[in-house]
Each structure stands twice: as C-alpha cells, then as structure tokens.
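Please read these numbers as outputs of a predicted model, since none were measured by experiment.
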Amino acid sequence: QVQLVESGGGLVQPGGSLRLSCAASGSIFSLYAMGWYRQAPGKQRDLVASITTGGSTNYADSVKGRFTISRANAKNTVYLQMSSLKPEDTAVYYCNAKRLLPGHEIDYWGQGTQVTVSS
C-alpha cells in the first residue's frame, strides 16, 4: 500500500511558476514509476508527465519545454516544476504511483491539488 500526498498548488498569474510535490509513504518508493496527471472540469484525467524508476521522463506535448518532472528517492518525493503557466493549465493535479508486476499493474493516487492560472 502506498499513500501519496500532493502539495504546492495554488493561484498563479499567467507566465508564473509553481512547484508541486508528492510525498509517498508505505512502500519502497524507488520501485514505483511516478506520474502527474491533471483533470479540468468536465474533462478526462490526462497524463502530464511521468518518470520511470530509472529516471527516464515523458511529457504531454502541451507541457513540453515548460514542465519538468523529477524524483528524489531518498526523500520519497516526486516533483513537478511548472513554468510559463497558461490559463489552460488550470486543473486538479494528481500524483500517481505505478508498479508493474507479473500479470498485473498496481496503481495508487493522491487526493489532488488545485492549480489555477488566472490574472
């Protein structure tokens, strides 16, 4: 069992920056691939960025060059540095931990943190 707690959301002006953090507990953090997803009102939850256990990263096209995902295994924490924020980045951001096991996949989710980009 993995517990995930996000923090760092808030209100920011267009062009501004925020850093989200996701603290994990309850299992061996380094065994999990980590990701950030977001969900805007009336829309589906979409992948924003992910990072593997080995540190390889993947980004949605809409955030490439603006967002950076990183992980600190010693702190059991994954980060999402967001820069040049746009109003369309407004959403609830969720942290995800994923582990592939023989025959199945384990997923854990945080409770979400609101990011609002508005002037």
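When all heavy atoms of S21 and T77 are compared, the closest pair comes out as CB-CG2, 4.3 Å. For the pair V2 and A24, the tightest heavy-atom approach, listed with the atom from each and the gap, is CG1-CB, 4.3 Å. A pairwise comparison of heavy atoms in P14 and S119 identifies CD-N, 3.7 Å as the closest pair.
In terms of modelled atom types and a separation under 3.5 Å, the side chain of R71 and the main chain of T52 share a donor-acceptor contact. Counting only distance, with no hydrogens or angles, the side chain of Y59 and the backbone of I69 share a donor-acceptor pair below 3.5 Å. At distances below 3.5 Å, not a single donor-acceptor pair connects side-chain atoms of N96 with backbone N or O atoms of D107. Side-chain N or O atoms of R66 include one that pairs as donor or acceptor with a backbone N or O of S84 at under 3.5 Å. With hydrogens and angles ignored, the 3.5 Å screen pairs a side-chain donor or acceptor of T90 with a backbone N or O of V117. In this structure, E6 contributes its side chain and Q111 its backbone to a donor-acceptor pair below 3.5 Å.
Taking the six-membered ring for Trp and the full ring otherwise, W109 and Y37 have centroids separated by under 6.0 Å.
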- Query: Would T113 and V92 count as a side chain to side chain contact (heavy atoms under 4.5 Å, CB included) if you check the C-alpha gap in whole Å, the side-chain angles of each, and the deciding distance to 0.1 Å?
  - Reply: CA-CA 5 Å; T113 186; V92 178; 6.0 Å; no
- Quick one: do V48 and L80 satisfy side chain to side chain contact (heavy atoms under 4.5 Å, CB included)? Show the steps, please. CA-CA 9 Å; V48 175; L80 185 68; 4.3 Å; yes
- After noting the C-alpha distance and the side-chain angles of Y32 and Y108, does the key distance pass the side chain to side chain contact (heavy atoms under 4.5 Å, CB included) rule? CA-CA 10 Å; Y32 290 81; Y108 297 100; 3.9 Å; yes
- What's the verdict on side chain to side chain contact (heavy atoms under 4.5 Å, CB included) for R38 and D89, showing C-alpha distance, side-chain angles and the deciding distance? CA-CA 9 Å; R38 66 187 181 187; D89 294 318; 2.9 Å; yes
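Under the 4.5 Å side-chain contact rule for hydrophobic residues, V78 and L4 share a cluster. L47 and W36 fall into different hydrophobic clusters, defined by Ile, Leu, Val, Met, Phe, Trp and Tyr side-chain heavy atoms under 4.5 Å apart, directly or through other members. Follow the hydrophobic side-chain contacts under 4.5 Å out from F67 and you never reach Y79; the two are in separate clusters.
For the pair R45 and Y94, the cation-pi criterion (under 6.0 Å, within 45° of the ring axis) is fulfilled.
Contact check for M34 versus K98: no side-chain heavy atoms found under the 4.5 Å cut-off. Within the 4.5 Å cutoff, no side-chain heavy atoms of L85 are placed close to those of Q13. Residues Y93 and M82 have side chains in contact (heavy-atom distance under 4.5 Å, counting atoms from C-beta outward). Using a 4.5 Å cut-off on side-chain heavy atoms (C-beta onward), L11 and S118 make contact.
By the salt bridge (Lys or Arg N to Asp or Glu O under 4.0 Å) test, E88 pairs with no residue at all, sequence neighbours left out.
Between K64 and D61 there is a salt bridge, since a side-chain N of the basic residue sits under 4.0 Å from a carboxylate O of the acidic one. Note on R99 versus E105: no salt bridge recorded, every NZ/NE/NH1/NH2 to OD/OE distance being 4.0 Å or above.
Crowding of I106 atom CD1: a count of heavy atoms from other residues, nucleotides or ligands under 6.0 Å exceeding 12.
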